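Notes to accompany the following structure.
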Amino acid sequence: MNSERKDKTIVLTGGSSGIGAAAARILTETGAWFVIPGRSGETKKLAAELDCDYYLVDYSSFSLVKKFAQDLLEKYPQIDVLVNNVGE
């Protein structure tokens with residue numbers, strides 16, 4: 001990740017395709033630390049394109065979602081913006 005980014009953290013769920021991916025591309029321009037959790041390989045591809053962190057998450061398992069949340073908060077103790085974009 002670029003060490004020159006601001007001290008803000010944005011988490012955008014469902015950012016691997018469609019509106020979420022478009023929003024991710026725009027929001028990375030803010031200079032904030034940016035995190036994309038998703039459930040597909042597209043999440044990893046977009047994160048590489050945008051030079052940001054990502055997490056692959058199985059949203060159908062509450063225990064895995066809970067583990068993801070714990071991991072996220074350990075790495076990012078403060079989340080400044082949460083964009084909930086997960087959906088079918």
Side-chain angles (χ1 to χ4, degrees):
M1 259 187 137
N2 184 340
S3 62
E4 297 175 10
R5 293 189 179 171
K6 299 175 188 171
D7 293 332
K8 301 283 183 190
T9 300
I10 298 173
V11 176
L12 188 144
T13 64
S16 57
S17 65
I19 292 171
R25 287 181 176 100
I26 291 168
L27 289 170
T28 55
E29 294 175 12
T30 67
W33 294 104
F34 201 81
V35 183
I36 304 172
R39 58 185 175 177
S40 74
E42 294 302 311
T43 304
K44 184 177 180 178
K45 289 179 189 175
L46 184 63
E49 172 191 327
L50 300 177
D51 188 28
C52 67
D53 287 348
Y54 73 95
Y55 289 84
L56 293 179
V57 183
D58 179 356
Y59 295 110
S60 68
S61 168
F62 183 72
S63 63
L64 292 177
V65 171
K66 187 175 177 180
K67 172 77 169 99
F68 155 66
Q70 291 169 338
D71 292 346
L72 187 67
L73 288 174
E74 282 179 20
K75 186 165 184 179
Y76 302 97
Q78 177 174 322
I79 296 171
D80 300 288
V81 178
L82 173 61
V83 180
N84 287 312
N85 184 59
V86 168
E88 291 289 318

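A quick note: this is a predicted structure, and the numbers were derived from the prediction, not measured.
- Here K44 pairs with nothing under the side chain to side chain donor-acceptor pair (under 3.5 Å) rule; sequence neighbours left out.
- Residues passing the side chain to side chain donor-acceptor pair (under 3.5 Å) test with E29, sequence neighbours excluded: none.
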*Apply side-chain contact (heavy atoms from CB on, under 4.5 Å) to T30 and V81, showing your working.*
CA-CA 12 Å; T30 67; V81 178; over 6 Å; no

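- Going from atom CG of L12 over to atom OG1 of T28 covers 10.5 Å, rounded to the nearest 0.5 Å.
- If you take OH on Y54 and OG1 on T43, they are separated by 9.0 Å, rounding to the nearest 0.5 Å.
- Looking at T9 and Q78, their side chains never come closer than 4.5 Å, going by heavy atoms from C-beta outward.
- S61 is linked by a side chain to side chain donor-acceptor pair (under 3.5 Å) to S63, counting only residues two or more places apart in sequence or in another chain.
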Going by atom type alone, with no hydrogens or angles, which donor-acceptor pairs under 3.5 Å involve a side-chain atom of residues 65-73 and a protein atom two or more places apart or on another chain?
| unit_1 | atom_1 | unit_2 | atom_2 | d |
| --- | --- | --- | --- | --- |
| K67 | NZ | D71 | OD1 | 2.7 |
| K67 | NZ | D71 | OD2 | 3.1 |

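- Here the straight-line distance linking atom CG of L64 with atom CG of D58 works out to 5.5 Å at 0.5 Å rounding.
- Nearest heavy atoms, D53 versus K75: OD2-NZ, 3.0 Å.
- Counting heavy atoms from C-beta on, the side chains of V35 and I79 never come closer than 4.5 Å.
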Side chains of residues 13-20: which donor-acceptor pairs under 3.5 Å do they make with residues two or more places apart or in other chains?
| unit_1 | atom_1 | unit_2 | atom_2 | d |
| --- | --- | --- | --- | --- |
| T13 | OG1 | V83 | O | 3.3 |
| T13 | OG1 | N85 | N | 2.8 |
| T13 | OG1 | V86 | N | 3.4 |

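- Pairs of residues two or more places apart, or lying in two chains, never qualify as salt bridge (charged side-chain N to carboxylate O under 4.0 Å, His left out) while including a residue from residues 76-86.
- Rounded to the nearest 0.5 Å, atoms CG (L46) and CZ (F34) are 8.0 Å apart.
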